[in-house]
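Lettering follows sequence order; numbering is per chain, from 1. Below, each value reflects all heavy atoms present in this structure, side chains not excepted, and no hydrogens, waters or symmetry copies.
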Protein chains: 4
Amino acid sequence: MSGVNKVILVGHLGKDPEVRHLEGGATVVNFTLATTENYTKDGRKVEQTEWHNVVMWRGLADVAAKFLQKGKLVYIEGKLRTRSYDDREGNKRYVTEIVAENFNMLGRRSDNDTVNQPGAANQGSAKAEEHIADFNSGNAEDDLPF
Amino acid sequence: MSGVNKVILVGHLGKDPEVRHLEGGATVVNFTLATTENYTKDGRKVEQTEWHNVVMWRGLADVAAKFLQKGKLVYIEGKLRTRSYDDREGNKRYVTEIVAENFNMLGRRSDNDTVNQPGAANQGSAKAEEHIADFNSGNAEDDLPF
Amino acid sequence: MSGVNKVILVGHLGKDPEVRHLEGGATVVNFTLATTENYTKDGRKVEQTEWHNVVMWRGLADVAAKFLQKGKLVYIEGKLRTRSYDDREGNKRYVTEIVAENFNMLGRRSDNDTVNQPGAANQGSAKAEEHIADFNSGNAEDDLPF
Amino acid sequence: MSGVNKVILVGHLGKDPEVRHLEGGATVVNFTLATTENYTKDGRKVEQTEWHNVVMWRGLADVAAKFLQKGKLVYIEGKLRTRSYDDREGNKRYVTEIVAENFNMLGRRSDNDTVNQPGAANQGSAKAEEHIADFNSGNAEDDLPF
DNA sequence: TTTT
DNA sequence: TTTT
């Protein structure tokens with residue numbers, strides 16, 4: 001019945017997204033994301049990094065495949081899913097992944113350009129933003145007389 | 001550019017949703033939601049309630065109109081929007097609302113029945129859940145061979 | 001560096017919290033939490049449950065140990081942490097847990113009573129709320145002349 | 001009773017934080033934050049900006065006063081609070097503010113330097129991160145034998 | 001293993 | 001105006 005399963009991450013990609021195309025045509029993308037926490041303990045600075053396995057599907061995966069790269073800073077919203085698989089010895093193993101429902105590139109626009117050539121500059125992320133907007137949308141209420 | 005504007009509330013409706021139908025046919029629903037915080041201050045228990053103005057549009061509003069009522073406990077996810085209007089004296093005023101993107105009825109199912117007659121019992125919220133599921137969905141990836 | 005690692009769950013405890021006391025005196029509590037999602041797929045209702053491993057430490061664990069039980073509906077906020085351990089065959093394994101930073105019992109107060117005897121009734125959760133308030137607090141700004 | 005009131009924002013400061021020191025010695029900081037959403041409507045790109053009133057108190061305000069500036073990209077977590085005040089004509093008015101409980105500077109470290117002189121470079125934000133860590137912490141469980 |  |  002009632003349930004909420006929500007994850008919010010801001011971090012950097014540990015590698016370029018790994019892209020696969022399933023038989024049905026759907027795109028799936030996987031990458032790791034590092035979230036780092038800084039705190040002081042016993043007067044000393046500690047930096048602690050947590051690595052997350054992120055999965056994106058379909059349209060979101062298509063956008064990610066085009067615009068996300070190793071090192072980019074992103075905001076990700078999704079849900080937790082633990083799935084099992086059999087390892088090489090035939091033992092059941094579990095992985096917990098974040099199934100992304102939404103993402104947002106952070107940082108400077110120039111950081112987000114796939115290419116940064118004169119004449120082409122900033123096109124990349126502009127399009128990315130437009131596409132991401134499609135996923136973020138569902139807010140087209142703004143045309144209402146209110 | 002990059003932006004995140006997210007609100008997460010769990011609270012009780014202060015009144016039944018007020019339903020309007022716009023000329024284009026879209027449904028809009030408004031209600032207030034109370035979130036209460038308890039803490040101890042100077043050794044005394046304090047209960048502090050915050051009131052939020054919630055708006056829902058279209059399909060989400062239709063579901064809300066059917067199943068939400070004064071007193072219900074609900075989880076709401078949405079975004080902040082401050083809009084201006086002119087008061088009776090013609091002065092510009094501002095209100096901040098939560099434009100809901102998603103909601104979830106909490107508590108016992110029996111709490112969520114509009115009617116609770118023999119034969120009709122539990123139909124109400126069961127349908128609510130099904131409908132709400134439509135809005136929560138976008139998770140139909142589960143049919144993929146993975 | 002910059003990082004956000006946040007999890008928000010609303011679900012039911014799958015079992016009573018398992019309580020341990022570490023040598024230093026700190027309490028640790030573990031339990032599983034089910035979050036259930038309902039959606040319709042190909043016209044049929046589907047109910048999908050995800051199980052989460054939740055850990056609580058110290059003061060939060062003490063409150064949890066007193067007031068949480070199998071079946072309770074609870075809101076939990078925390079962060080993801082994946083840790084490794086060696087299984088019985090000496091192989092490295094990984095588990096992802098939600099390290100709770102905050103929680104909130106939902107549902108009716110009567111649902112939350114440990115005991116419900118005349119004379120003792122409601123004491124349980126009333127104290128729970130007071131204690132939880134201590135963890136939720138950090139909002140003592142309210143004494144300021146503003 | 002049970003309640004959750006949570007806001008998560010990622011956006012840019014519209015102005016430098018305005019700092020006040022209350023009689024008791026507590027620091028209060030106010031600033032506006034812009035969150036921008038991009039979407040396509042009727043095939044045209046739309047950029048919509050929402051402005052939020054953010055308040056920070058005490059230690060968090062001290063850190064903000066030192067390190068936040070107009071234009072910075074920041075992640076903020078807090079709660080909604082609507083308070084009333086009397087305008088110049090003696091009429092009751094309401095403002096909704098985000099009372100921040102936590103924040104995180106995003107973007108490149110170099111973006112976060114208050115000063116960027118040779119020899120002093122990067123000191124600013126490094127210290128900011130250390131201090132912010134103090135507020136983010138409460139995760140000192142890591143010293144436990146587990 | 002929860003809940004509806 | 002909710003809820004406990």
Euclidean distance, atom [atom1] of residue [X] to atom [atom2] of [N] [Å, nearest integer]:
| X | N | atom1 | atom2 | result |
| --- | --- | --- | --- | --- |
| Leu73(C) | dT3(E) | CG | C1' | 8 Å |
| Ile98(C) | dT2(E) | CD1 | P | 19 Å |
| His12(C) | dT3(E) | NE2 | C1' | 4 Å |
| Tyr75(B) | dT3(F) | OH | P | 22 Å |
| Phe31(B) | dT3(F) | CZ | P | 14 Å |
| Asp16(B) | dT3(F) | CG | P | 11 Å |
| Ile76(B) | dT3(F) | CD1 | P | 15 Å |
| Gln69(C) | dT3(E) | CD | P | 11 Å |

request  = Could you verify whether a donor N or O on one side chain and an acceptor N or O on the other, from Gln48(B) and Tyr39(B), lie under 3.5 Å apart?
outcome  =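 Yes, a side-chain donor-acceptor pair sits under 3.5 Å.
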request  = Kindly write out the residues that satisfy side chain to side chain contact (heavy atoms under 4.5 Å, CB included) with Val19(B), not counting sequence neighbours, or none if the list is empty.
outcome  =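 Side chain to side chain contact (heavy atoms under 4.5 Å, CB included) list for Val19(B), sorted by chain: His21(B), Thr27(B), Val29(B), Ala65(B).
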ask   = Who passes side chain to side chain contact (heavy atoms under 4.5 Å, CB included) against Lys15(B), sequence neighbours left out?
value =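 Result, side chain to side chain contact (heavy atoms under 4.5 Å, CB included) vs Lys15(B): Glu18(B), Thr32(B).
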request  = May I ask you to decide whether Arg83(B) forms a salt bridge with Glu97(B), counting only side-chain N to carboxylate O separations under 4.0 Å?
outcome  =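 Here Arg83(B) pairs with Glu97(B) in a salt bridge, since their nearest N and O are under 4.0 Å apart.
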ask   = With stacking defined as ring centroids separated by under 5.5 Å and planes differing by under 30°, is Trp51(C) stacked against dT2(E)?
value =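 Per 5.5 Å and 30° rule: no stacking.
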ask   = Base, sugar-phosphate alone, or nothing: which one does Gly11(C) contact when heavy atoms must sit under 4.0 Å apart?
value =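 Answer is nothing: Gly11(C) stays at 4.0 Å or more from every strand.
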ask   = Taking the side chain of Lys70(C) as its heavy atoms from C-beta onward, which of dT1(F), dT2(E), dT3(F) lies nearest to it?
value =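 For the Lys70(C) side chain, the nearest candidate turns out to be dT2(E).
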message = Nearest to the Lys15(C) side chain among dT1(E), dT3(F), dT2(E), which nucleotide is it?
response =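 So the nucleotide nearest the side chain must be dT1(E).
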